[in-house]
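To start, the structure itself, in structure tokens.
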Amino acid sequence: MGEERAAKYDAQLRRALSFWDIAYLEIGSMIGSGWMFAPLLAASVVGPASILSWLIAGILVYFIAEAYTEVASMFPRSGGLVRFPQYTHGLFASFWIAWTTLVYVIAVAPAEALATTTYLAALVPGLLIPGTMEISPLGYLVAAALLIFYFLLNWFGVHIMGKTNTAVGWYKLLIPTFTIILLFAFLLHPVNYSGLPGGFAPYGMAAIFMAIPTTGIAFAYLGFRQSVEFSGEVKRPREIAIGAVLGFTLVVIIYILLETAFVGAVNWSKVGVPPGDWQGLSKSILSRGPLYQLLTLSGIAVLTVFAVLFIIDAVLSPSGTGWIYTGGTARSLYGMAANGQLPEWFMYLNRYRVPKWGTIAALIVGFLFLYKFPAWSLIVGFITSAGYFTFLVSGPLPLALRKMAPDAPRYYRVPAISVFSALATISVYLIIYWSTFDTLWGVVVAILLGLPLFYMYVMPSRFGVSRSKGFVAGILYWIVLLLSTYFLLYEPIVAPYEKSGGLPLAPSYVLYFTAFWLITLAMVVGLTLWLSAGLGEEQRNHIRAGWWIVAVIFTVLPLSFFGQFGVFKTPIIPFPWDTIIAILIGLAIHIWGARSAFMTEDLKTALQRTRQEKV
């Protein structure tokens, strides 16, 4: 099963993408809604120091991307991000990654449809509910039509989607580039960088890091994953690394320059905000399309004309990311089916050699997300935190493969792999931690909700565990998790925190959280050990190799609760000690994860396939 079963479907995929196509898959995925909203949101949280937030995030994500690029060039597999963990860490670890991937990627296309609809409201005000950033019934129709368009573009073949994306990619590159040039040339106010009240970093150093996952910065960089997700459809594996590095580097440069230009372009009198009140910008006229509003408010003819081209890109940029992630969702489902975590029919291809049921599922669930999250700002924080959870294996994965398969063909090798891989894991852990408890608690609960599927489907089908036993464990798990979440976490802690914006340091809050943490941890460990009690040694290896993922969940949540970005007005673990602790935990997790790897049957099959393909 697993890799062996997937081989026949992998062989049918169309290998039609060049390194330019891979580069523009990354560019098209990364330059989406993020570049249109994140500059404003980042500046409103950090002030001029938001420029540093973009730079630091680019460096952190670079370590993660490098780790995956080596593995993707070694194993070019569609849906690789959910398949690779199973090669080195087995079914338990790969299930956590795959489930979280599914939770995150399905939400991206609806988010991009929301972003396009929101920007179009500058021309058609009826697309939004008056006084809010939420879409109206007419806005729902527009967003739904966009989702259908993303679906159709993917349905008729990766070569059509890839070439369309490459063509649109040029436009998506040019418009941000010209926006940067025009803002610097016509609207630059040097005083904005350090000459206003508060200076360069008016809200402190901690805000620089908090902004990375909470304002759309880390969200914008998430798109690097597409070079991995579509790697099974690349003409030559060596082109994966070239395209990935090229695309990522270009986008990081553009984003840093764009934030720099945006900060300098703010004209405080025209946006109606006192000079230096960066937080006030998020409630000003800029909230309905920050860059577009800067261009039109300027009163300069050339900028007003360019604003028309900008609106066109406001449709193309998010849409490009949307149709890429529609395909990425289908390939994530394909990867889960290849792992044996979903039924085989998720690997069935249509006549255009595209994963059929995964593409349909992406459309249907996308409609549900539109209903649940009617505004871009409501969904982006959740996507970011969940998205980086899926990269937990990025560090241990290439390091483990270097040790277990040192002579396997590789078309790209990361230098100083021990250092790079550790930095990748630490980077992931930091971004997750900086997400703030307000976002992280919901993401953790969403991740924990998936484990019963492992009990009820994967363990019976792959390990021979009694299906009735798996169902009993799964139903019991769901009941306990939902009750403890509501009565120990949401009602006594989250709800009052959301009303007040910060809680006093009282023992009751600590007791409620500790009870929730202990109950959920005991349930995850206890039920998993109960179901695996009768398994053979090989099958127990799969369970043992995944405990480090559980450790991530149950260390980052309490650190977030007690740390700088938690619920208390006076944090128990203030900055920078919280971040130092996060770095140390991330390093320990990395060592544990790397040592947990073992030679799975799927890895043996994958290595054999690689050698045969090279010959």
Side-chain angles (χ1 to χ4, degrees), residues 22 25-26 29-30 56-77 79-89 93-94 96-98 100-101 104 218 221-232 234 237-238 240-249 251-252 335 387-406 408-432 545 548-549 552 583 586-597 603 606 610:
I22 286 293
L25 279 171
E26 288 210 353
S29 186
M30 293 169 71
I56 293 169
I59 294 171
L60 295 179
V61 178
Y62 171 74
F63 295 131
I64 303 168
E66 280 284 275
Y68 276 121
T69 298
E70 175 172 319
V71 181
S73 65
M74 183 181 178
F75 298 117
R77 302 284 187 268
L81 285 173
V82 300
R83 296 172 68 175
F84 297 154
Q86 185 152 308
Y87 291 175
T88 55
H89 290 81
S94 70
W96 287 109
I97 301 298
T100 310
T101 299
Y104 136 66
Y221 286 145
L222 271 171
F224 83 85
R225 66 182 293 136
Q226 300 306 333
S227 62
V228 181
E229 291 296 73
F230 286 86
S231 60
V234 176
R238 62 173 49 87
I240 296 170
I242 302 172
V245 172
L246 175 62
F248 184 80
T249 303
V251 172
V252 171
Y388 281 90
F389 256 109
T390 69
F391 301 146
L392 284 171
V393 78
S394 62
L397 178 64
L399 187 61
L401 288 171
R402 287 280 188 100
K403 294 179 179 178
M404 292 190 292
R410 288 174 172 84
Y411 294 99
Y412 180 74
R413 296 178 72 92
V414 175
I417 186 63
S418 296
V419 176
F420 261 75
S421 61
L423 289 173
T425 308
I426 292 170
S427 297
V428 172
Y429 197 91
L430 285 173
I431 292 173
I432 294 171
W548 66 282
I549 302 286
V552 172
I583 291 172
L587 180 60
I589 292 291
H590 172 74
I591 295 170
W592 186 359
R595 291 183 176 179
S596 297
L603 179 55
T610 299

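Just so we're clear, the structure is a prediction, and the values are computed from it rather than from any experiment. Numbers here simply count residues along the sequence, with the first being 1.
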task: May I ask you to test the Leu392-Thr425 pair for a side-chain heavy-atom distance under 4.5 Å?
output: no
>> I want to check something: taking the side chain as every heavy atom from C-beta on, are Arg77 and Tyr87 in contact at a cut-off of under 4.5 Å?
In response: yes
Fill in: SB check Glu70 Arg410 (cutoff 4.0 Å)
yes
In this structure, CD1 of Ile432 is separated from CZ of Phe389 (nearest 0.5 Å) by 4.5 Å
Between Leu399 and Phe420, does a side chain to side chain contact (heavy atoms under 4.5 Å, CB included) hold up when you go through it step by step? CA-CA 9 Å; Leu399 187 61; Phe420 261 75; over 6 Å; no
**Report entry** Contact check, side chains of Tyr411 and Ile240, non-hydrogen atoms, under 4.5 Å
**Finding:** no
Q. According to the interplanar angle, ranging from 0 to 90°, do the rings of Tyr221 and Phe248 count as parallel (below 30°), tilted (30 to 60°) or perpendicular (above 60°)?
A. tilted
message = Tell me if a side-chain donor or acceptor on His89 pairs with a main-chain N or O of Gly593 at a distance below 3.5 Å.
response = yes
Close side-chain approach of Leu401 to Phe75, heavy-atom, < 4.5 Å
yes
Under a 4.5 Å cut-off applied to non-hydrogen side-chain atoms, are Glu66 and Val245 in contact? yes
Rounded to the nearest 0.5 Å, the CD1 atom of Ile97 sits from the CD1 atom of Ile549 at a distance of 4.0 Å
Smallest heavy-atom separation, Ile417 atom then Pro398 atom, equals CD1-CB, 3.9 Å
**Message:** side chain to side chain contact (heavy atoms under 4.5 Å, CB included) for Ser427 and Val61? Distances and angles first, verdict last.
**Reply:** CA-CA 7 Å; Ser427 297; Val61 178; over 6 Å; no
Verdict with reasoning, Leu81 to Tyr68, per side chain to side chain contact (heavy atoms under 4.5 Å, CB included): CA-CA 8 Å; Leu81 285 173; Tyr68 276 121; 3.2 Å; yes
Compare all side-chain heavy atoms of Val251 with those of Glu26 and state whether any distance is below 4.5 angstrom.
-> no
Value for CG (Leu397) from CE (Met74), rounded to nearest 0.5 Å, stands at 9.0 Å
Ring centers of Phe391, Phe224 separated by less than 6.0 Å
yes
Determine, stepwise, if the pair Trp548 / Val393 fulfils side chain to side chain contact (heavy atoms under 4.5 Å, CB included). CA-CA 10 Å; Trp548 66 282; Val393 78; 4.1 Å; yes
dist Leu222:CG -> Ile64:CD1 (nearest 0.5 Å) comes out at 9.0 Å
Rounded to the nearest 0.5 angstrom, the OG-CD1 distance for Ser421 and Ile591 is 10.0 Å
| said: Taking the side chain as everything from C-beta on, heavy atoms only, tell me whether His590 gets closer than 4.5 Å to Ile426. | reply: no
Margin query: Measuring only between side-chain heavy atoms, which start at C-beta, is Phe63 closer than 4.5 Å to Val428?
Written below: no
Scanning both residues in full, the closest heavy-atom pair of Ala400 with Ala594 reads CB-O, 4.5 Å
Handout entry: Donor-acceptor contact present, side-chain Tyr62 to main-chain Val252, <3.5 Å
Key = no
Here the pair of heavy atoms bringing Ala545 nearest to Ser596 is CB-O, 3.3 Å
